[in-house]
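The structure appears below as structure tokens.
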Amino acid sequence: MGAINLTTKGIEALKPGAARREIADVKVTGLFLVLQSTGAKSWAFRYRAAGQSRKLTLGNGSMGLADARKAAMEAAAQVAGGKDPAGDAAAAREARKPVAAAAADAFETVARRFLAEHVDRKLSANSAYRYRSYIEKVAIPAWSGRRFGTIMRADVKALVKAKADTPILANRIFSTVSSLFSWALEEEIIATNPIAGMKKANRETSRDRVLTEAELVKVWNAAVATETPYSAVVRMLLLTGQRRTEVALMKHAEVDLAASLWTLPKARTKNKTAHTVPLSGMALAVLAEFPKGKSPKVFTEVRFDVEKARLDLACGVTGWTLHDLRRTCATGLQKLGVRLEVTEAVLNHKSGKSRGIVAVYQRGDFADEKREALTAWAAKVSSLLG
């Protein structure tokens, strides 16, 4: 029903109906008297926060009209100041829960459910790897010991802001956490999404960084000296021009050493297209450092965040990312005179020049050209290393 001028006598005279009713107060916007079909009464304040309708329970029927209006006006002042009183009240209730009762609502528990029930089942291997990395290495350490329902908008902003010096990473972390909260809302783990309507705070700019020949030598030599799985991934990225997670998650079963060929199934590629990568002698030498063992993966225990910083210190080259190695390889191929369509075939990248029926019929024809290109590129890298 519409807003009316509530009075104490009028409230006492109200009779319950067959269904629950909410009666708006004309004097205080957002204040409602809730009348249940049983006759029970309560007060609520309705407002919007982050683009969503919110409801704050103010008190039961024993609360008088004057007190209800005062509480509603106080809540309205909080909303005007950018606060979310209903969210704050929910967080306070969660904080008072006994540990045993809240175990299933622990942030880490919910986050790992998200990984097992959504990420691992519905995303590609490469995407799942990135999601797992951001959840396990960033979100869980930041919010360990917290209940999922206590994580608020400000917490997410602080998490993203901590990575503001690397805008792309900050945005990827935000997207991952946003997906987590959307899933939790769908699973009814939370009643509202605290970051609904929140946008990425960092503007990404297209990178064009290519390592100079001198920088390439420094990075390579430092990688060789560290002798870790990560350093091998760096060298393979430079020699093959493939994507970071494609190399990092390489499996022994994908590699045919006798044929000098690495075959990526479509489930492991960004464009969902199976892809073959000819392996040069230098690439095979890197793989020889990691013979087949119990793990199906060639490179185990790769810690990108920690080891990248160590490699930067060791080589003295700054301002570069692992993806820049892919661009460096592509640029190197172009300088060697490799045709654009062959370079794109090496990278498994489809632009407007290599789409459509031409791409379907030419895909097999580039096998020899790709091998020649990567062999020539390895020779160039070898000559730079002296």
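Just so you know, these numbers come straight off a predicted model, no measurement behind them.
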Non-hydrogen atoms of [X] and [Y] that approach each other most closely:
| X | Y | result |
| --- | --- | --- |
| A367 | P278 | O-CG, 4.3 Å |
| A86 | Y47 | N-OH, 2.9 Å |
| L180 | V110 | CD1-O, 4.5 Å |
| G332 | W377 | CA-CZ3, 3.5 Å |
| S179 | Y131 | OG-OH, 3.3 Å |
| V317 | D312 | O-OD1, 3.6 Å |

In sequence, state the C-alpha distance, the side-chain angles, and the governing distance for R48 and S53, and then conclude on side-chain contact (heavy atoms from CB on, under 4.5 Å).
CA-CA 4 Å; R48 294 188 69 81; S53 177; 3.9 Å; yes
Checklist entry - Between I173 and T176, is a side-chain contact (heavy atoms from CB on, under 4.5 Å) present by the stated rule, with each step listed? => result CA-CA 5 Å; I173 292 171; T176 301; 5.8 Å; no
Counting only N and O atoms by type, is there a donor-acceptor contact under 3.5 Å from the side chain of [X] to the main-chain atoms of [Y]?
| X | Y | result |
| --- | --- | --- |
| R209 | G319 | yes |
| R326 | L347 | yes |
| T192 | P194 | no |
| S231 | A223 | yes |
| S178 | F174 | no |
| S175 | N171 | yes |
| T150 | R147 | yes |
| T331 | T328 | no |
| E215 | T212 | yes |

Please work out whether the ring planes of F181 and F148 are parallel, tilted or perpendicular, with thresholds of 30° and 60°. tilted
Single-linkage hydrophobic cluster [X]~[Y], side-chain heavy atoms < 4.5 angstrom:
| X | Y | value |
| --- | --- | --- |
| V177 | L115 | yes |
| I11 | I23 | yes |
| V210 | L374 | no |
| V34 | L58 | no |
| L123 | V138 | yes |

Fill in: Pair T276, K370: side-chain N/O donor-acceptor within cut-off below 3.5 Å
yes
Worksheet item: Would R130 and S133 count as having a side-chain donor-acceptor pair, cut-off 3.5 Å?
Response: no
For residues 236-250, the salt bridge (Lys or Arg N to Asp or Glu O under 4.0 Å) pairs (sequence neighbours left out) are R243-E246
K335 atom NZ: more than 12 heavy-atom contacts under 6.0 Å = no
Quick check on Q36: does its CD atom have over 12 non-hydrogen neighbours (other residues, nucleotides or ligands) under 6.0 Å away? yes
[X]: which residues meet the salt bridge (Lys or Arg N to Asp or Glu O under 4.0 Å) condition with it, sequence neighbours left out?
| X | value |
| --- | --- |
| R112 | E108, E136 |
| K380 | E213 |
| E289 | R235 |
| D256 | none |

* Do R113 and E187 sit within salt-bridge range, that is, some charged N less than 4.0 Å from a carboxylate O? -> yes
Between R146 and D155 (salt bridge meaning N to carboxylate O under 4.0 Å), is one present in this structure? yes
Are [X] and [Y] packed together at the side-chain level, in the sense that at least one heavy-atom pair is separated by less than 4.5 angstrom?
| X | Y | value |
| --- | --- | --- |
| L322 | D324 | no |
| L287 | P291 | no |
| S260 | L284 | yes |
| R46 | L56 | no |
| L31 | W43 | yes |

Quiz: residues 63-83 side-chain donor-acceptor pairs under 3.5 angstrom, not counting sequence neighbours:
| unit_1 | atom_1 | unit_2 | atom_2 | d |
| --- | --- | --- | --- | --- |
| R69 | NE | D25 | OD2 | 2.9 |
| R69 | NH2 | L6 | O | 3.1 |
| R69 | NH2 | D25 | OD1 | 3.0 |

Before you tell me yes or no, could you show the steps for D84 and R54 under salt bridge (charged side-chain N to carboxylate O under 4.0 Å, His left out), namely the whole-Å CA-CA distance, both residues' side-chain angles and the distance that decides it to 0.1 Å? CA-CA 9 Å; D84 179 9; R54 304 296 297 258; 2.8 Å; yes
Run R132 and D120 through side-chain contact (heavy atoms from CB on, under 4.5 Å) and show every step you take. CA-CA 9 Å; R132 184 171 291 279; D120 292 342; 2.6 Å; yes
Would you please indicate if the ring centroids of F45 and F32 are separated by under 6.0 Å?
no
- prompt: Could you walk me through whether S182 and N193 pass the side-chain contact (heavy atoms from CB on, under 4.5 Å) check?
  reply: CA-CA 7 Å; S182 295; N193 185 343; 3.8 Å; yes
* Compute both the distance and the angle, then confirm whether K308 meets the cation-pi test with W320: under 6.0 Å from the six-membered ring centre, within 45 degrees of the axis. => yes
